[in-house]
Student: 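This is the structure, below, for whatever I ask next.
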Amino acid sequence: MTAEAISEMISAQVGADAVTSSQLQVPQPVLHIAPASLPAVCTLLRDDPALYFDYLECLSGVDEGPEANSIGVVYHIRSITRGHRLVLKCFVQRDAHPTLPSIAHIWRTADWHEREAFDLLGITFTGHPDMRRILMPEDWVGHPLRKDYVNPEFYHDFKTAY
């Protein structure tokens, strides 16, 4: 199935506003998904027998910086049996508490990846079963992969600058 056909299927079954834009003429097709439609789109991609995207290869948080005022997640998904590959991008405004819906109940692989994006970028995933830090200490202030992050000079009397 082509990327165009997949995009049309999503629009027909989830809603015309589910795919906000696309880049289909690249080596790995990209669909930009509206945040509110993300769980429904991912469920369709996983459950439809013609698609059967059974593998979330990677979930990466991306901060486009204060100038772009955009932060979000890039999902690389694959259907091993059908041979489909697709990239989903879902972005929101970059504010103090950016929020996206969790897809950990759709692909269990997303569980730790969403926690990493939460910890390092401050993206909260609503509906996540265990939304807490995974790499940084619980009392760490800030999110180190944010473009405007300033490394603290000390943490518990230890110098952090290198």
Side-chain angles (χ1 to χ4, degrees), residues 3-4 6-46 53 56-78 85-107 109-155 160-162:
E4 292 89 356
I6 294 170
S7 180
E8 290 170 8
M9 180 184 281
I10 291 169
S11 293
Q13 294 190 32
V14 177
D17 58 346
V19 178
T20 59
S21 67
S22 61
Q23 298 158 301
L24 304 176
Q25 306 308 322
V26 294
Q28 198 162 17
V30 177
L31 300 177
H32 295 261
I33 306 297
S37 300
L38 184 65
V41 168
C42 291
T43 300
L44 171 68
L45 293 172
R46 183 197 63 192
F53 281 94
L56 173 65
E57 294 178 316
C58 182
L59 179 162
S60 303
V62 178
D63 180 8
E64 294 184 327
E67 302 80 24
N69 192 30
S70 180
I71 192 167
V73 178
V74 177
Y75 305 87
H76 290 261
I77 60 174
R78 179 181 207 173
R85 295 184 115 170
L86 191 61
V87 175
L88 305 176
K89 293 185 177 183
C90 192
F91 282 78
V92 293
Q93 286 190 343
R94 187 183 182 278
D95 59 14
H97 302 288
T99 304
L100 288 171
S102 175
I103 61 162
H105 63 286
I106 300 167
W107 291 296
T109 309
D111 187 332
W112 283 39
H113 293 279
E114 287 178 353
R115 285 181 61 193
E116 180 182 41
F118 166 71
D119 194 4
L120 300 178
L121 290 162
I123 302 169
T124 300
F125 294 88
T126 56
H128 190 280
D130 188 15
M131 186 82 325
R132 61 188 165 107
R133 288 194 180 262
I134 192 169
L135 297 170
M136 304 300 292
E138 285 291 329
D139 62 345
W140 191 266
V141 176
H143 305 282
L145 291 185
R146 285 248 180 150
K147 299 266 182 174
D148 57 354
Y149 177 74
V150 177
N151 195 43
E153 189 175 344
F154 289 93
Y155 173 73
T160 60
Y162 48 88

Student: Between Glu67 and Lys147, does at least one N-O distance fall below 4.0 Å, as a salt bridge requires?
Tutor: no
Student: Return the minimal non-hydrogen interatomic distance between Phe125 and Ala117, and the atom names on each side.
Tutor: CE1-CB, 3.8 Å
Student: Check for a donor-acceptor pair, side chain of Arg78 on one end and backbone N or O of Leu86 on the other, with a separation under 3.5 Å.
Tutor: no
Student: Tell me, do Pro152 and Trp140 make a side-chain contact under 4.5 Å, heavy atoms counted?
Tutor: yes
Student: Under 3.5 Å, is there a donor-acceptor pair between the side chain of Ser70 and the main chain of Gln93?
Tutor: no
Student: Before giving the answer on side-chain contact (heavy atoms from CB on, under 4.5 Å), spell out for Cys42 and Leu88 the whole-Å C-alpha distance, their side-chain angles and the decisive distance to 0.1 Å.
Tutor: CA-CA 9 Å; Cys42 291; Leu88 305 176; 4.0 Å; yes
Student: Do Asp139 and Tyr155 have a side chain donor and acceptor closer than 3.5 Å?
Tutor: yes
Student: With a 4.5 Å heavy-atom cut-off, do Pro29 and Val87 have their side chains touching?
Tutor: no
Student: Under the side-chain contact (heavy atoms from CB on, under 4.5 Å) rule, what do Glu114 and Ile103 come out as? Steps first, then yes or no, please.
Tutor: CA-CA 9 Å; Glu114 287 178 353; Ile103 61 162; 3.5 Å; yes
Student: Taking only Lys NZ, Arg NE, NH1 and NH2, and the carboxylate oxygens of Asp or Glu, determine whether Arg133 and Glu138 approach each other closer than 4.0 Å.
Tutor: no
Student: Is Leu24 close to Leu31 at the side-chain level, that is, under 4.5 Å between some pair of heavy atoms?
Tutor: yes
Student: As an exercise, state the distance from CG of Leu145 to CE of Met136, rounded to the nearest 0.5 Å.
Tutor: 9.0 Å
Student: Between the side chain of His143 and the main-chain N/O of Asp119, is any donor-acceptor distance below 3.5 Å?
Tutor: yes
Student: Nearest 0.5 Å, what's the CG-CG distance between Asp95 and Asn69?
Tutor: 8.0 Å
Student: When you measure from the side chain of Ser11 to the backbone of Ser7, do you find a donor-acceptor pair of N or O atoms at a distance under 3.5 Å?
Tutor: yes
Student: For residues Thr20 and Ile33, report the shortest heavy-atom separation together with the two atoms involved.
Tutor: OG1-N, 4.2 Å
Student: Using modelled atom types only, decide if a donor and an acceptor are shared between the side chain of Trp107 and the backbone of Phe53 within a distance under 3.5 Å.
Tutor: yes
Student: Donor-acceptor pair, distance only, cut-off 3.5 Å: does the side chain of Ser102 make one with the backbone of Ala104?
Tutor: yes
Student: Is Leu100 close to Val73 at the side-chain level, that is, under 4.5 Å between some pair of heavy atoms?
Tutor: yes
Student: Specify the closest pair of heavy atoms between Pro101 and Leu38, including all atoms of both residues, with the distance to one decimal.
Tutor: O-CD2, 3.9 Å
Student: Is any side-chain heavy atom of Glu4 less than 4.5 Å from a side-chain heavy atom of Gln25?
Tutor: yes
Student: Give the C-alpha distance, both sets of side-chain angles, the deciding distance and a yes or no for side-chain contact (heavy atoms from CB on, under 4.5 Å) between Ile77 and Leu45.
Tutor: CA-CA 9 Å; Ile77 60 174; Leu45 293 172; 3.6 Å; yes
Student: Heavy-atom distance under 4.5 Å between the side chains of Cys90 and Tyr75, does that happen here?
Tutor: yes
Student: Between the side chains of Glu8 and Gln13, does any donor sit under 3.5 Å from an acceptor?
Tutor: no
Student: Would you check if Asp63 and Ile123 make a side-chain contact, meaning some heavy-atom pair closer than 4.5 Å?
Tutor: no
Student: In Å and rounded to the nearest 0.5 Å, what is the OG to CD1 distance from Ser22 to Ile6?
Tutor: 11.5 Å
Student: Any salt bridge between Arg94 and Asp148, counting N to O under 4.0 Å?
Tutor: yes
Student: Keeping the roles fixed (side chain from Ser21, backbone from His32), state whether a donor-acceptor pair exists under 3.5 Å.
Tutor: no
Student: Can you tell me which residue among Ile71, Leu121, Thr124 is in a side-chain contact (heavy atoms from CB on, under 4.5 Å) with Pro98?
Tutor: Ile71
Student: Minimum heavy-atom separation for Glu57 and Gln28, please, with both atom names.
Tutor: OE1-NE2, 4.4 Å
Student: Please tell me if the side chains of Asp111 and His128 come closer than 4.5 Å, counting only heavy atoms from C-beta onward.
Tutor: yes
